[in-house]
Number of protein chains: 2
Amino acid sequence: MPRRKLRKYDFKMTPQRLAIIEYLKNNKEHPSALDVFRAISKKFPTISFATVYNTLEMLKNKGMVLELNIDPERKRYDPDVSPHHHLKCTKCGKVLDISMDLPVDTAQLEKRGFSIDRIQVDIYGKCPPCKAKQKEER
Amino acid sequence: MPRRKLRKYDFKMTPQRLAIIEYLKNNKEHPSALDVFRAISKKFPTISFATVYNTLEMLKNKGMVLELNIDPERKRYDPDVSPHHHLKCTKCGKVLDISMDLPVDTAQLEKRGFSIDRIQVDIYGKCPPCKAKQKEER
DNA sequence: TTACAATCTGTAACAATTACTGTCAAGTTA
DNA sequence: TAACTTGACAGTAATTGTTACAGATTGTAA
């Protein structure tokens, strides 16, 4: 039983961290560190890039965000840690969520001596708007 | 270089390019540009990093190698362009091939307006040797 | 208050990659 | 053949995303 009050988080909350968490919450854009920095800068003009990186690292270690490697140019962050996949549009560069069943036989891999932490399915192609635009161009 | 060689490939063959292609052929290590540079430097001590990057870019565009994003620290290159997946060991850092059926319903995505170029399945975990080593440590 | 630890900002350092420049060799044309 | 053109080369500078570090600041507890 907690002596005083329930700790809402298991880390020290600060205005900067709160702002980053709020920004990420329900964010479907898969923002990069730069995106986060720019957004938070509006409210906290003095925030440092280091704080953004430190906070993202911390949230990743706490399992509160996922670090995506789908974009080779920069890391992207996803507040949705439930299993789903991603598509990066090779035209507009956007990263979209793809919810689709993908039965991966992890048991088979475990049997072969691997241990599995995480599976990331990255699809490269064109999003519907870009595909449509491409069609009318021809 | 003899003209025959020029016909064999649809690009100009040079000793440097040949060496890189030979190095990659049947290479299962998923080497980075630095790995390629170091290996080729033994035979061609004056080779430039730019040549390595240019050649890898060219081979990628010709569909002769795949550029992998599984390792966020550096790009890696795979001469095996047939469909297969990869596992990056979080302990030793090696990237291993995983051949496993993973039925992705691309038709469903196409129906939803996407166009699919490539699907990359990246697994993060431990390779059998590292998993075994970890066990005996405890 | 004082002490301490954690977080902050600002900036330097770093590493991977890309861009640029001048040189050279091979191929092409007159 | 000679003059021109092309493309690959080495060498290096520039760029970019990320990490590391130093000192200032904040919050908490004794």
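Hydrogens, waters and symmetry mates play no part in the numbers below; they use all other heavy atoms, side chains included. Computed from a predicted model, the values in this text were never measured in an experiment.
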When you measure from the side-chain N and O atoms of A:K75 to the phosphate of C:dA16, is any distance below 4.0 Å, counting only OP1 and OP2?
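The answer is no; no side-chain N or O of A:K75 sits under 4.0 Å from OP1 or OP2.
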What nucleic acid atoms does B:T46 come within less than 4.0 Å of, heavy atoms only: base, sugar-phosphate, or nothing?
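Sugar-phosphate, no base atom in range.
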Nearest-Å distance, CZ (A:R74) to C1' (D:dT18)?
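One finds 12 Å between C1' of D:dT18 and CZ of A:R74, rounded.
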The side chain of A:A33 is closest to which nucleotide in this list: D:dC9, D:dG11, D:dT18?
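Nearest to the side-chain atoms of A:A33, counting from C-beta on, is D:dT18.
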Could you pick out which residue, B:N54 or A:P45, lies toward the 5' side of DNA chain C when each is mapped onto its nearest nucleotide?
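Its nucleotide being nearer the 5' end, the pick is A:P45.
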Looking at C:dA16, C:dG10, D:dA8, which one has an atom nearest to any side-chain atom of B:K12?
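My answer, after comparing the listed nucleotides, is D:dA8.
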Rounded to the nearest Å, what distance is computed from the CE atom of residue B:M58 to the C1' atom of nucleotide D:dA8?
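After rounding, the gap between these two atoms is 10 Å.
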Looking at D:dA10, C:dT7, C:dG10, which one has an atom nearest to any side-chain atom of A:T14?
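My answer, after comparing the listed nucleotides, is C:dT7.
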Starting at atom CZ of A:F49, determine the distance to atom C1' of C:dT9, rounded to an integer number of angstrom.
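One finds 13 Å between C1' of C:dT9 and CZ of A:F49, rounded.
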For B:F37 and C:dT17, give me the distance from atom CZ to atom P, rounded to whole Å.
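Distance check: B:F37 CZ to C:dT17 P gives 14 Å.
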Apply the test side chain to side chain donor-acceptor pair (under 3.5 Å) to residues A:Q120 and A:D122: give CA-CA distance (whole Å), side-chain angles for both, the deciding distance (0.1 Å), then the verdict.
CA-CA 6 Å; A:Q120 187 171 289; A:D122 297 335; 3.1 Å; yes
Atom-pair distance (CD on B:Q16; C1' on C:dA25), nearest Å
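So the two atoms are 12 Å apart, to the nearest Å.
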Within 6.0 Å of CD in A:E29, more than 12 heavy atoms from elsewhere:
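No - once you tally the heavy atoms of other residues, nucleotides and ligands closer than 6.0 Å, there are 12 at most.
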Just checking, is any N or O donor in the side chain of B:D97 or B:H30 under 3.5 Å from an acceptor N or O on the other one?
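Looking only at side-chain atoms, B:H30 and B:D97 do form a donor-acceptor pair, the distance falling under 3.5 Å.
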Quick one: B:K43 NZ to D:dC9 C1', roughly how many Å, whole number?
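Interatomic distance, NZ of B:K43 to C1' of D:dC9: 19 Å.
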Same cluster or not: B:I98 versus B:V81, using hydrophobic residues (I, L, V, M, F, W, Y) connected whenever any side-chain heavy atoms lie under 4.5 Å apart?
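B:I98 does not cluster with B:V81.
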Would you say A:Y53 places a side-chain N or O within less than 4.0 Å of OP1 or OP2 belonging to D:dT18?
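Affirmative; the distance criterion is met.
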Does any donor atom in the side chain of A:T51 or A:N54 lie under 3.5 Å from an acceptor atom in the other side chain?
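Side chains of A:T51 and A:N54: no pair found under 3.5 Å.
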Remember a base hit wins even if backbone is also touched, and classify A:I47 as base, sugar-phosphate or nothing at under 4.0 Å, heavy atoms.
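Here A:I47 touches the backbone only, sparing every base.
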Which nucleotide sits closest to the side chain of A:S48: C:dT9, D:dA10, D:dG17?
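Within the option list, the nearest is C:dT9.
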Nucleotide C:dA25, atom C1' - distance to CZ of B:R17 in whole Å:
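The distance from CZ of B:R17 to C1' of C:dA25 comes to 14 Å, rounded to the nearest Å.
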Nearest-Å distance for atom pair CD1/C1', residues B:I40 and D:dA8:
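Computing the B:I40:CD1 to D:dA8:C1' distance gives 16 Å.
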